[in-house]
There are 2 protein chains.
Amino acid sequence: MTEEPTITTIAQHAGVSIASVSRVLNGLPTKAETERKVMSAARELGYVPNSAARSLKSRRSNQIGFAMADIGNPVYLAMIREIQPIFKAAGYRLVLHSTDADTADEIDVLRGLGERYIDGLIMIPLRLTGEHLTMFAAARAPIVVIGSVPEDAPVDNVRTDSRAGVRLAVEHLHGLGRRRIGFVNGPLDTVPGAARSAAYAEALAALGLPYDPGLTQVGDFYRAEGARAAARLLDRVPDLDALLCANDLIAFGALDVLRRAGRRVPQDVAVAGMDDTDLATLAWPPLTSVSLGSAERGRAAAELLLDKLENTRRAPRVVTVEPRLVVRASTDPSRIPGEEAP
Amino acid sequence: MTEEPTITTIAQHAGVSIASVSRVLNGLPTKAETERKVMSAARELGYVPNSAARSLKSRRSNQIGFAMADIGNPVYLAMIREIQPIFKAAGYRLVLHSTDADTADEIDVLRGLGERYIDGLIMIPLRLTGEHLTMFAAARAPIVVIGSVPEDAPVDNVRTDSRAGVRLAVEHLHGLGRRRIGFVNGPLDTVPGAARSAAYAEALAALGLPYDPGLTQVGDFYRAEGARAAARLLDRVPDLDALLCANDLIAFGALDVLRRAGRRVPQDVAVAGMDDTDLATLAWPPLTSVSLGSAERGRAAAELLLDKLENTRRAPRVVTVEPRLVVRASTDPSRIPGEEAP
DNA sequence: TTGTATGCGTTATCAC
DNA sequence: GTGATAACGCATACAA
């Protein structure tokens, strides 16, 4: 019992060859008698196939990787919730990589594809460098990138139209009569940071509002720094009447600051986030947010990867998820819970 | 470039034997000239070692598993946030298992230990069956269980004194002058459900309060069902003046219901949760919660497992994390943010 | 220091 | 149907 049983052990106990053991274990046609002997020996010895040996032979690990910046962000969590069961049902295990938004780390993960410990990878690079693209091209296993990627990149791609998303939010705030619409963004050298920055300027222009650089503050994508950035903005633009945040976490930080500053949300300052995480309905007031379809993107990515694993030679595909504005009380006072008409 | 390079390929290109290649790659003493040739060939060919072959030889996968009921619960997220970097730094990858609180699934994971695709496992069983204990005893790789486990189980164990935690909360509510203290719990056949149920009764008794079965409602551990259970409770006990919830998610559901019912928190009903998740500070009002040290438990589990991997023969250890009451506005009106004295 | 040869546990291809 | 036997890619004991 203390020795790790292998097919050789089973073969000895059952008095057959290892080939027969392997056949029985893999459901290939065998005489009933042989099958019985093998199965009972296997059960008795507590045999479990060794995955390393199996992988070496089969050239498949039955694992897929998921690489994101930080497991602490609920957006990624929403994706994992979709991805995990899909792969589990398909017989794959999920290997997690939290890269801390570090490019070198992401490249490491891509290099890891060559080790063949995963059969495929879903990745969300926060910054997309030439090195990423080189590795994509050289990769020996299928990759799905969530987030925009150049047209000719040899990877499947799930994207969301964050430009349209930002526009939805800005138009909504404008429609509420707000004219001093601030913007708290994450780093401009990140894929989402850059896209949302451009989209913000564009949306203002489309509405005939002037673009005022003083209305933007840049921090990172987390609550604490979001709070600091919002505080800076509030300090410099006292007559701010609306605030768009590049993600929900930033918006939560902004809500903290506005509350401490005694500004009423939404009456004084309307606040909108992006990602529409679970937490939006928990915040006070509940947060208006642009859904970028995290769950859908996760599901799409998983399905693309699964398909590609079975259909290796097909051309790269792009799936786009449409953003959707979810209006809650942080911009619309009539939606404050508990204050509806009975 | 299209053929997967192996040490054999490198050996050919460098004009040396595969043994030399292996030595160079593993930093064993070699002539400088040989080393140079091998390294340059390896780089040129884009060689990456095959992890299956390496695992087969070394009998180590450099992966560790983390099995929890549901990746959607922020408690587990808090743990992963601690666990992941610790193992990453130690050269291990993290394989995730979301078992849906399904015992059969958990047993599968334990059986998977035999496949040797992970070198160790951190597990949080929601229910602990005899089958679990059998598998623990038979396991061929170290296991750390988060959550209580019998004394003689051959696994490391990280626990929290949830009994003391419940008592802290009940005493706090009692100290606020509340006497009708309801309890919304998760399933009684789960480890935490059973423990918290007993602890609740005990704490009441210690305070000389009568135990009224009507004051308890059982649902599951999620927000939606937490809301329904709280609604049932409110319906049957109109004079409820305090509510202890078995975890934060349940408490969030309860807050939703109380708000819709027009009950002021904490003035009419004081609400406390357990786990002290990140989300507690996001809720409105911010949630008083019993911290069960999720981060500490995650860290402790990771460190125990890492230690056991290097020190295979040592006896099982138990680490206990003390609960701590974190008082916020959902029980203490003086702490409502934005209403402090300036 | 280097090369040859063997084994890790499987699967798969042969003859029998 | 079944049993030898050869890979899979790597690490290493041993011989040179």
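Throughout, protein chains are lettered first and strands after them, A, B, ... in sequence-line order, and every chain is numbered starting at 1.
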Quick one: label B:V21 by what it contacts on the DNA or RNA (base, sugar-phosphate, nothing), any heavy atom closer than 4.0 Å.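 Touches nothing.
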Which part of the nucleic acid does A:P29 contact within heavy-atom distance under 4.0 Å: base, sugar-phosphate only, or nothing? nothing
For A:Y222 and A:D70, run side-chain hydrogen bond (donor to acceptor under 3.5 Å, both in side chains): C-alpha distance rounded to whole Å, both residues' side-chain angles, the deciding distance at 0.1 Å, then the answer. CA-CA 11 Å; A:Y222 294 93; A:D70 169 31; 2.7 Å; yes
Whole angstroms only, please: what is the [atom1]-[atom2] distance between [X] and [N]?
| X | N | atom1 | atom2 | answer |
| --- | --- | --- | --- | --- |
| B:R23 | C:dT1 | CZ | P | 10 Å |
| B:I7 | D:dA11 | CD1 | P | 6 Å |
| A:R54 | D:dG9 | CZ | P | 18 Å |

Using the rule given for side-chain hydrogen bond (donor to acceptor under 3.5 Å, both in side chains), can you reason through B:E106 versus B:H132, listing the C-alpha separation, both sets of side-chain angles and the distance that settles it, and then say yes or no? CA-CA 8 Å; B:E106 289 180 355; B:H132 281 94; 2.6 Å; yes
Plane angle bin for B:H97 and B:Y117 - parallel if under 30°, tilted between 30 and 60°, otherwise perpendicular: tilted
Given C:dT10, C:dT1, D:dG1, which nucleotide is nearest the side-chain atoms of B:K31? C:dT1
Quick test of your reading of the model: are B:E33 and B:R36 salt-bridged, counting only N-O distances below 4.0 Å? yes
Answer yes or no: is there an ion pair linking A:R93 with B:E115, defined by an N-O contact shorter than 4.0 Å? yes
With sequence neighbours left out, write down each residue that passes side chain to side chain donor-acceptor pair (under 3.5 Å) with B:R54, or none if nothing qualifies.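 None.
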A:A139 and A:L113 have their tightest heavy-atom pair at CB-CD1, 3.9 Å
Tell me the bend of the helix from C:dT1-D:dA16 to C:dC16-D:dG1 as the angle between end helix axes, each from five pairs, rounded to the nearest 10 degrees.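 The two end axes of the helix from C:dT1-D:dA16 to C:dC16-D:dG1 meet at 50°.
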What does the list of N/O pairs under 3.5 Å between the protein and nucleotides 5-8 of chain C look like, with a distance for each?
from	atom 1	to	atom 2	distance (Å)
C:dG7	N2	B:K57	NZ	2.9
C:dC8	O3'	B:R59	NH2	3.2

